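Some notes on the structure that comes next.
Given the structure is predicted, the values throughout are model-derived calculations rather than measurements.
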Amino acid sequence: MHIVDDSEVNRVLSFPVLIEAIEAAHRRPKIAVHDGYLGDDKGQQLVTRSAVDAGRFMMTKLYTSFPGNLAHGKLPAVQAVCVLFDGNDGRPLAVMDAAEITHWKTAADSALGAKHLARPDAETLLVVGAGEMARWLVRGHRTVRPQLKRVRVWNRTVERAQELATLLEGDGIATEAVTDLDAATREADIITTCTRSREPLVKGANLRPGTHLDLVGGFTPETRESDDEAARRSRIFVDRRESAFDGVGDILQPIASGAIKETDVLGDHYDLASGTVAGRLSDSDITFFKNAGGGHLDLMTCETVFAQLGKELR
């Protein structure tokens, strides 16, 4: 059994490889998933997230949430491992650090959405939220839209936006921090959001024709990052229907208000990867993608890490 730490994950993965692998996985039969929770999401919590890719692999991701760690500044709030099993005989194959697995799979999920839905000539990327995932999301989007020329960053705390802009400039990406979110929204070709906001940040009235909206941060019924008008004006897609309808505010709240119907969610990665549902129909379409996550994506990423390590061993 292999023990795979974060440095190994980062060494063997690349976004072109992972995005291709996740897209290919969505052309196979749907992966079964199940989540379990113990404790309180406001205090101490243990979460198990399991997935089965029948006849291939099985995986359980175990993670703890201790928000109080942040006050001490020594440990992150969330810590995790993934355990990968052989799907044919049940052998444990690997235990992997899951912090970087989570970063890779989240950004690749959004990048695959942009591959199918964003305009090919998109040049300006707006990042809403300057937390740890933001840099990863920029890397993912630039993989599928390498012609992106500029990145703008907005954050409630301006200093955090400036810090991220400096980091991205160090990566050779033309970046600026902005303070007027509405104005930046009107100028963006792709918008990616990763916040814990309970109030809509991106206003649909400010979306210009052709914009692609990638919503990552809202993961409970109470959190949301865009308003009803954004949903109403868009062709709406999600990464997995079951995940999106199981408690994310950016889908459930506009349905509850009557702004959209369930049938306005046109498809997910399985539909887009197989070509059974068309994504963008014209350059003027506004496209809306909700990255809801799920254990199937963790499993797809673990499979990819294991396959890359296997190439080195052969």
Discussion item. Using a 3.5 Å distance criterion without hydrogens, assess whether the side chain of E225 forms a donor-acceptor pair with backbone atoms of V202.
Written reply: no
Fill in: Distance under 6.0 Å and angle within 45° of ring axis: R139 vs W104
yes
Item to complete: Using a strict cut-off of less than 4.0 Å between a Lys/Arg side-chain nitrogen and an Asp/Glu carboxylate oxygen, indicate whether R224 and E199 qualify as a salt bridge.
Response: no
Worksheet entry | Of N88, L93, I31, the residue whose pairing with F57 passes side-chain contact (heavy atoms from CB on, under 4.5 Å) | L93
Discussion item. Would you say F289 ends up clustered with L266 if hydrophobic residues are merged whenever their side chains have heavy atoms under 4.5 Å apart, either directly or through other cluster members?
Written reply: yes
Worksheet item: In terms of side-chain geometry, is the basic nitrogen of E229 or K203 positioned less than 4.0 Å from the acidic oxygen of its partner?
Response: no
Worksheet entry | Closest contact, heavy atoms only, S243 versus G293 | OG-O, 3.2 Å
Discussion item. side-chain contact (heavy atoms from CB on, under 4.5 Å) for F237 and L272? Distances and angles first, verdict last.
Written reply: CA-CA 9 Å; F237 295 86; L272 291 167; 3.9 Å; yes
Worksheet item: According to a 4.5 Å side-chain heavy-atom criterion applied to Ile, Leu, Val, Met, Phe, Trp and Tyr, with indirect links allowed, do V144 and I173 form part of one hydrophobic cluster?
Response: no
Worksheet entry | Whether H26 and H296 hold their rings parallel, tilted or perpendicular, with breakpoints at 30° and 60° | perpendicular
Worksheet item: Applying the side-chain contact (heavy atoms from CB on, under 4.5 Å) test to D97, which of V9, T102, D6, I3 qualifies?
Response: D6
Item to complete: In plain terms, say whether D53 and R28 are close enough for a salt bridge, that is, a side-chain N and a carboxylate O under 4.0 Å apart.
Response: yes
Practice prompt. Indicate the atoms forming the closest heavy-atom contact of S234 with F288, along with that distance.
Written response: CB-CB, 3.5 Å
Worksheet item: Any side-chain donor-acceptor pair under 3.5 Å between T287 and D285?
Response: no
Discussion item. Could you go through K149 and T124, starting from their C-alpha distance and side-chain angles, then the distance that decides it, and tell me whether this counts as side-chain contact (heavy atoms from CB on, under 4.5 Å)?
Written reply: CA-CA 6 Å; K149 294 180 178 178; T124 301; over 6 Å; no
Practice prompt. Salt-bridge test for D189 and R208: reply yes if a basic N is under 4.0 Å from a carboxylate O, no otherwise.
Written response: yes
Discussion item. Assess whether a salt bridge exists between D298 and K105, defined as any Lys/Arg side-chain N lying under 4.0 Å from an Asp/Glu carboxylate O.
Written reply: yes
Worksheet item: Would you call R145 and E123 a salt bridge, using N to O less than 4.0 angstrom?
Response: no
Worksheet item: Hey, is the main chain of R240 close enough, under 3.5 Å, to the side chain of K290 for a donor-acceptor pair?
Response: no
Give the table of side-chain donor-acceptor pairs shorter than 3.5 Å for residues 67-81, with sequence neighbours excluded, one pair per line with atom names and distance.
{"unit_1": "N69", "atom_1": "ND2", "unit_2": "P76", "atom_2": "O", "d": "3.1"}

Item to complete: For R27 and S274, indicate whether the former's side chain and the latter's backbone hold a donor-acceptor pair under 3.5 Å.
Response: no
